[in-house]
Amino acid sequence: MMFNCLEPDPFTKGGLYAVGTRYKLDDYTPYIYYTNNYGATWTKITNGIASDHFTRCLRADPYQKGILYCGTEYGMYLSNDAGKSWKKWQLNLPMVPITDLAIKDYDLIAATQGRSFWVLDDLSLFHQWNESLINKKFHLFQPRTTWCIQSSKNEKKKVGENPAPGLPVTFYFQQKPDSNTIARMEFLDESNKVIKSFFSNTDKDSIKLTIKRGMNTMSWDMRYPDAEKIDGIIMWNDGLSGPLAPPGKYSVKLVVGQDSILQTFQLRKPG
């Protein structure tokens, strides 16, 4: 057997995951073993992985105990119970060998054999989700810490697509609000002063909050409101865009009728 991945358990002293392969001996069985006593005993943990999807790598989520990500010859698997059971977790990833995985700043990066690198953005949403949220009328997830930089979306063909620029905010609605229910999203500074608001009942694209049933995502450009345009004004080297919010602590509030949810987040200085 060839062991090509060893992953320490970030939550258990003496814990280690070992991923092995025997495909060179025409054995495509997945092999993942776990020890919690420095290797004195080992337990095989591959329940749910297809019998011919031989394993290549495993990474333990450093932020959430019990979550494991596994790369196999035929795609990705996920475990929510420390490897007691696994389920296919392919999303839009092609059926391709996953040769290695890494977690960086809440992003999951997958190295593939023949399909370049893939990145699953923002694992913090996955950490915050639980089944009880389905029964709530609406929910606002805590945004991740974001860099105070401006980025643009890459529209070129045959090139990887960048995340949407700005601060992504994810929220959930059990049902789309009716026309009599007004929802708004407010971004506030550290002193709880409103910086910018978005509304569900406006036709103005720059401040419109679009809502559908289920999961929703919107993006704040991290800027204060634009300056007002004066008739006859001539701008030679600048525009009317509002200033970029400085690094610091902020809040976002989702207000629906008389109810609201508040979440805090940080904007971080690059470097």
**Message:** Could you walk me through whether Tyr172 and Ile134 satisfy the side chain to side chain contact (heavy atoms under 4.5 Å, CB included) test, starting with their C-alpha distance in whole Å, then the side-chain angles of each, then the deciding distance to 0.1 Å, before giving a yes or no?
**Reply:** CA-CA 9 Å; Tyr172 166 81; Ile134 297 176; 3.9 Å; yes
**Message:** Is there a side chain to side chain contact (heavy atoms under 4.5 Å, CB included) between Val19 and Cys57? Walk through the geometry before answering.
**Reply:** CA-CA 6 Å; Val19 179; Cys57 57; 5.8 Å; no
**Item:** Verdict with reasoning, Val194 to Lys253, per side chain to side chain contact (heavy atoms under 4.5 Å, CB included)
**Value:** CA-CA 10 Å; Val194 176; Lys253 180 189 288 187; over 6 Å; no
**Request:** Using the side chain to side chain contact (heavy atoms under 4.5 Å, CB included) rule, take Arg56 and Asn4 through it: C-alpha gap first, then chi angles, then the decisive distance, then the call.
**Result:** CA-CA 7 Å; Arg56 287 184 171 273; Asn4 59 331; 4.2 Å; yes
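Within 6.0 Å of CG on Asn130 lie more than 12 heavy atoms contributed by other residues, nucleotides or ligands. Within a 6.0 Å radius of NZ in Lys176, no more than 12 heavy atoms belonging to other residues, nucleotides or ligands are found. The local environment of NZ in Lys208 is crowded, with over 12 non-hydrogen atoms from other residues, nucleotides or ligands closer than 6.0 Å. The local environment of NZ in Lys137 is sparse, with at most 12 non-hydrogen atoms from other residues, nucleotides or ligands closer than 6.0 Å. Annotation: Lys88, atom NZ; neighbour count of heavy atoms from other residues, nucleotides and ligands within 6.0 Å is above 12. Heavy-atom neighbours of Phe117 CZ from other residues, nucleotides or ligands within 6.0 Å: at or below the threshold of 12.
A donor-acceptor pair under 3.5 Å is formed between the side chain of Arg223 and the backbone N or O of Gly242. Counting only distance, with no hydrogens or angles, the side chain of Thr112 and the backbone of Ser116 share a donor-acceptor pair below 3.5 Å. Distance alone, capped at 3.5 Å, is enough to place a donor-acceptor pair between the Thr202 side chain and the Lys204 backbone. A donor-acceptor pair under 3.5 Å is absent between the side-chain atoms of Gln113 and the main chain of Val96, judged by distance alone. A donor-acceptor pair under 3.5 Å is absent between the side-chain atoms of Arg22 and the main chain of Asp27, judged by distance alone. Panel note: side chain Glu186, backbone Leu254; no donor-acceptor pair is recorded below 3.5 Å. Looking at Glu7, its side chain does come within 3.5 Å of a backbone N or O of Ala60 through a donor-acceptor pair. Not one N or O on the side chain of Asp52 forms a donor-acceptor pair closer than 3.5 Å with the backbone of Tyr28.
With a 4.5 Å cut-off on side-chain heavy atoms, Gln128 and Leu133 do not count as touching. A 4.5 Å side-chain heavy-atom check between Ile261 and His139 finds at least one atom pair inside the cut-off. Contact annotation: the side chain of Lys104 never approaches that of Val119 to less than 4.5 Å [non-hydrogen atoms, C-beta and beyond]. Between Phe265 and Val169 there is no side-chain heavy-atom pair separated by less than 4.5 Å. Using a 4.5 Å cut-off on side-chain heavy atoms (C-beta onward), Phe141 and Met215 make contact. Tyr23 has its side chain out of reach of Glu73: every pair of non-hydrogen atoms, C-beta onward, lies at least 4.5 Å apart. Taking the side chain as every heavy atom from C-beta outward, Ile98 and Tyr69 never approach each other to under 4.5 Å. Within the 4.5 Å cutoff, the side chain of Trp220 has no heavy atoms near those of the Met185 side chain.
One distance of note links OG1 of Thr29 with CZ of Phe54; it measures 11.0 Å at 0.5 Å rounding. Leu209 CG to Asn216 CG: the interatomic distance, rounded to the nearest 0.5 Å, is 8.0 Å. Distance check: Tyr77 OH to Gln90 CD gives 8.5 Å after rounding to the nearest 0.5 Å. Trp86 contributes atom CH2, which lies 14.5 Å from atom NE2 of His53 (distance to the nearest 0.5 angstrom). Here the OG1 atom belonging to Thr43 is positioned 7.5 Å from the CG atom belonging to Asn36, to the nearest 0.5 angstrom. Note: Thr210 OG1 to Met218 CE = 9.0 Å, rounded to the nearest 0.5 Å.
Proximity of the aromatic rings of Phe173 and Phe138 is defined here by a centroid distance below 6.0 angstrom, and this criterion is met. Ring to ring, Tyr106 and Tyr63 are close: their centroids are under 6.0 angstrom apart.
Residues Leu267 and Val252 fall within the same hydrophobic cluster, defined by Ile, Leu, Val, Met, Phe, Trp and Tyr side chains chained together at heavy-atom separations under 4.5 Å. Follow the hydrophobic side-chain contacts under 4.5 Å out from Leu125 and you never reach Trp89; the two are in separate clusters. Tyr74 and Tyr31 fall into different hydrophobic clusters, defined by Ile, Leu, Val, Met, Phe, Trp and Tyr side-chain heavy atoms under 4.5 Å apart, directly or through other members. Under a hydrophobic clustering in which Ile, Leu, Val, Met, Phe, Trp and Tyr are joined whenever their side-chain heavy atoms come within less than 4.5 Å, directly or via other members, Leu91 and Leu123 fall into the same cluster. No chain of hydrophobic side-chain contacts below 4.5 Å, direct or via other Ile, Leu, Val, Met, Phe, Trp or Tyr residues, connects Ile67 to Trp129.
Taking every heavy atom of both residues into account, Leu140 and Gln263 meet most closely at O-NE2, 2.9 Å. Across all their heavy atoms, Pro168 and Pro143 have their closest contact at O-CB, 4.0 Å. Contact detail for Cys70 and Thr55: the closest heavy-atom pair is SG-CG2, 3.8 Å. Across Arg144 and Leu167, no two heavy atoms sit closer than the pair O-CD1, 3.8 Å. Between Val255 and Gly257, the closest heavy-atom pair is CG1-O, 3.8 Å. Nearest approach of Cys148 to Ala245, heavy atoms of both residues: SG-O, 3.7 Å.
Side-chain atoms of Asp81 and Ser79 form a donor-acceptor pair, as typed in the model, at a separation below 3.5 Å.
Screening Leu58, Leu16, Leu68, Asp9 against Tyr34 for a side-chain contact (heavy atoms from CB on, under 4.5 Å) leaves a single residue, Asp9.
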